[in-house]
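One structure below.
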There are 2 protein chains.
Amino acid sequence: MKITIANTEQHLRDHKIMPSVQRIRIFDTLLGTTEHPTVDTIYQTLAKEIPTLSKTTVYNTLKIFQEKGLVLVVNIEDNETRYDADTSFHGHFKCQSCGSVIDFAISEEDKINSLNGFQVNESHYYLKGICKECINKQSINN
Amino acid sequence: MKITIANTEQHLRDHKIMPSVQRIRIFDTLLGTTEHPTVDTIYQTLAKEIPTLSKTTVYNTLKIFQEKGLVLVVNIEDNETRYDADTSFHGHFKCQSCGSVIDFAISEEDKINSLNGFQVNESHYYLKGICKECINKQSINN
DNA sequence: ATCATTGCAAACACTTTGCATACGC
DNA sequence: GCGTATGCAAAGTGTTTGCAATGAT
C-alpha cells in the first residue's frame with residue numbers, strides 16, 4: 001500500500017534522523033513505490049539523480065530507518081531483503097511466477113498479539129503463490 | 001514441533017530421492033531437532049560423524065529436499081536461512097534476545113487459503129519478540 | 001559401463017567495516 | 001572547528017558453480 005507523508009524532512013527530524021539529501025530521497029523512493037524494493041533497486045533508482053550516491057549509504061540509511069521504526073524489512077525470500085515504508089499491520093504475497101511482492105490487508109483481529117507468556121513485538125504474514133495477472137497469462141497461453 | 005518418520009530411507013525413496021548416507025543423516029538431523037538449524041549448523045553437527053562431508057552437499061541436499069517438499073525454508077531473519085522438517089501448517093516465533101526460533105500452533109481456520117483471485121501455495125506466519133525464558137531472566141537481573 | 005552423487009576449489013553476490021574526505025551547524 | 005554523514009575500497013559471509021573423483025546399480 002502507498003503511504004503518504006506530508007513532509008519527509010520533518011518526518012525524519014521527528015525520528016531524530018538528520019535529513020540529508022540522501023536520506024530524504026531514499027525515504028521518498030520507498031514512499032513512492034509499492035514494490036518493496038531491495039537495496040540494489042533503490043540504489044539503481046537514485047543513482048541517476050545522485051550520481052555520487054554510494055550503495056554503502058543506502059545500506060547505512062536503511063539500517064537507521066529500520067532501527068528508528070520508519071521501515072520494515074520484508075524477509076519473504078531467502079536471497080532478497082526488501083524494504084517497506086508501510087509499517088502498519090498487513091501481509092505480503094509473493095508471486096512465484098513474476099516475482100512481484102504485493103500487499104494484502106489482514107484484519108486487526110487476526111493479528112497474534114500474545115502467545116503463552118511470550119512478548120510479541122512483530123507479526124509478519126507471508127503468502128506465496130501465483131498472482132491474478134500471471135494466472136490470466138497462463139490461461140491465454142494454454 | 002518434533003516430527004516422527006519411521007524409516008528415513010524409505011521416506012526418501014518415496015519422494016524419488018536416492019537415500020545416500022549423507023542425505024539420510026541430513027534429514028535425520030532435521031528430524032532430531034526443534035531448533036530449525038541453518039546449513040552451517042547442520043554441517044557442524046554432521047562433520048563429526050562424517051568427516052568427509054562437504055558443505056556443498058548440505059546445500060545441494062537441502063535444495064533437493066525443498067524442491068521435493070520434504071522441508072520448508074524458514075525466512076524469519078534476513079541473514080540466516082533455516083530449515084524445518086515439519087511441513088505442516090504452523091507459525092515461527094523468533095526471540096530477539098536469545099535468538100532461538102520456536103514453533104507455535106495456528107488453527108487451520110486462521111490459514112489464508114484464498115486471496116481475491118490469487119492462487120495461494122504457501123502461508124508463513126512469523127512473530128518476533130521475547131520468549132518466556134528471556135523475560136524471566138530479565139526480571140531476575142532487575 | 002553408465003549415470004548420479006560427492007566434495008574441493010574457485011567464483012559470485014550481498015553486506016559490513018575501516019578510514020579519509022566532505023558537509024552541516 | 002567539531003561532530004556527523006558520505007563514499008570508496010577492502011574484507012567478510014553465505015551461497016553457487018565447475019569439475020574431477022568417487023560410488024552405486
Side-chain angles (χ1 to χ4, degrees), chain A residues 8-13 15-29 36-68 70-71 73-83 99 101, chain B residues 8-29 36-68 70-83 99 101:
Chain A
T8 298
E9 186 175 333
Q10 191 56 47
H11 189 63
L12 296 185
R13 282 195 206 284
H15 288 81
K16 308 246 162 71
I17 299 169
M18 267 223 53
S20 71
V21 172
Q22 288 87 339
R23 290 173 176 174
I24 291 172
R25 294 302 298 124
I26 290 169
F27 193 73
D28 280 343
T29 301
H36 314 83
T38 61
V39 163
D40 194 62
T41 306
I42 296 169
Y43 171 74
Q44 298 298 340
T45 304
L46 288 177
K48 295 164 197 160
E49 67 173 87
I50 312 174
T52 60
L53 181 66
S54 156
K55 212 176 263 190
T56 303
T57 301
V58 182
Y59 276 108
N60 289 339
T61 302
L62 288 171
K63 186 180 233 177
I64 294 170
F65 287 172
Q66 189 189 340
E67 286 165 359
K68 306 282 187 180
L70 267 77
V71 303
V73 177
V74 179
N75 283 321
I76 197 166
E77 204 73 79
D78 58 348
N79 57 353
E80 55 180 31
T81 303
R82 291 164 170 266
Y83 294 86
V101 173
Chain B
T8 297
E9 187 175 332
Q10 191 56 48
H11 189 65
L12 296 186
R13 281 194 206 285
D14 291 346
H15 288 81
K16 307 247 161 70
I17 299 168
M18 268 223 53
S20 71
V21 172
Q22 288 87 339
R23 290 173 177 174
I24 291 172
R25 294 301 298 123
I26 290 170
F27 193 72
D28 280 344
T29 301
H36 314 83
T38 61
V39 162
D40 194 62
T41 306
I42 296 169
Y43 171 73
Q44 298 299 340
T45 304
L46 288 178
K48 295 165 195 159
E49 67 174 88
I50 313 174
T52 62
L53 182 67
S54 157
K55 213 177 260 190
T56 303
T57 301
V58 181
Y59 276 108
N60 289 339
T61 302
L62 288 172
K63 187 180 233 177
I64 293 169
F65 287 173
Q66 190 188 342
E67 286 166 359
K68 305 281 186 182
L70 268 77
V71 303
L72 282 183
V73 176
V74 180
N75 283 322
I76 197 165
E77 204 73 78
D78 59 347
N79 58 352
E80 55 180 32
T81 303
R82 291 164 171 266
Y83 294 86
V101 174

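Fair warning: this is a prediction, and the values are worked out from it, not measured in the lab.
- Straight-line distance from the CG atom of A:Leu12 to the P atom of C:dG24: 15 Å, rounded to whole Å.
- Closest contact between the side chain of B:Tyr59 and the listed nucleotides C:dT5, C:dT6, D:dG14 involves D:dG14.
- For A:Ile17 and C:dG24, the CD1 to C1' distance is 17 Å, given to the nearest whole Å.
- You'll find that the side chain of B:Thr56 is closest to D:dG18, out of D:dG18, C:dT17, C:dT6.
- For the OP1/OP2 pair of D:dT6 and a distance below 4.0 Å, the side-chain nitrogens and oxygens of A:Ser54 include no atom meeting the criterion.
- Side-chain nitrogen and oxygen atoms of B:Ser20 include at least one within less than 4.0 Å of the OP1 or OP2 phosphate oxygen of C:dT6.
- Nearest-nucleotide assignment on DNA chain C puts the 5′-proximal partner with B:Met18, out of B:Asp78 and B:Met18.
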Exercise for the section: Kindly indicate, with the supporting measurements, whether the criterion side chain to side chain contact (heavy atoms under 4.5 Å, CB included) is fulfilled by A:Gln66 and A:Leu62. Expected result: CA-CA 6 Å; A:Gln66 189 189 340; A:Leu62 288 171; 6.0 Å; no
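- In this structure, A:Gln22 and A:Leu46 have side chains that are not in contact, with every pair of non-hydrogen atoms separated by 4.5 Å or more.
- Between A:Glu67 atom CD and C:dT16 atom C1' the separation is 13 Å, expressed in whole Å.
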Exercise for the section: Take B:Thr61 and B:Phe27, measure what side chain to side chain contact (heavy atoms under 4.5 Å, CB included) needs, and give me the verdict at the end. Expected result: CA-CA 9 Å; B:Thr61 302; B:Phe27 193 72; over 6 Å; no
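- A:Thr52 comes within 4.0 angstrom of the backbone, heavy atoms only, and of no base.
- Residue B:Gln22 places none of its side-chain N or O atoms closer than 4.0 Å to OP1 or OP2 of D:dG23.
- Residue A:Asn60 contributes atom CG, which lies 12 Å from atom C1' of C:dG18 at whole-angstrom precision.
- Between the NZ atom of A:Lys55 and the P atom of D:dA11 there is a distance of 19 Å, rounded to whole Å.
- Along DNA chain C, the nucleotide nearest to B:Arg23 and the one nearest to B:Tyr43 differ in position, and the one closer to the 5' end is contacted by B:Arg23.
- Ionic pairing of B:Lys63 and B:Glu67 is not present here: no N-O contact between side-chain nitrogen and carboxylate oxygen is shorter than 4.0 angstrom.
- Rounded to whole angstrom, the span from the CD1 atom of A:Ile24 across to the P atom of C:dG24 amounts to 11 Å.
- For the OP1/OP2 pair of C:dT5 and a distance below 4.0 Å, the side-chain nitrogens and oxygens of B:Thr57 include no atom meeting the criterion.
- Taking atom CD on B:Glu77 and atom P on D:dT13, their separation rounds to 17 Å, with Å as the unit.
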Practice task
Any chance you could lay out the side chain to side chain contact (heavy atoms under 4.5 Å, CB included) test for B:Ile64 and B:Arg23, step after step, and finish with the verdict?
Solution key: CA-CA 10 Å; B:Ile64 293 169; B:Arg23 290 173 177 174; 3.5 Å; yes
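- For B:Leu62 and C:dT6, the CG to P distance is 12 Å, given to the nearest whole Å.
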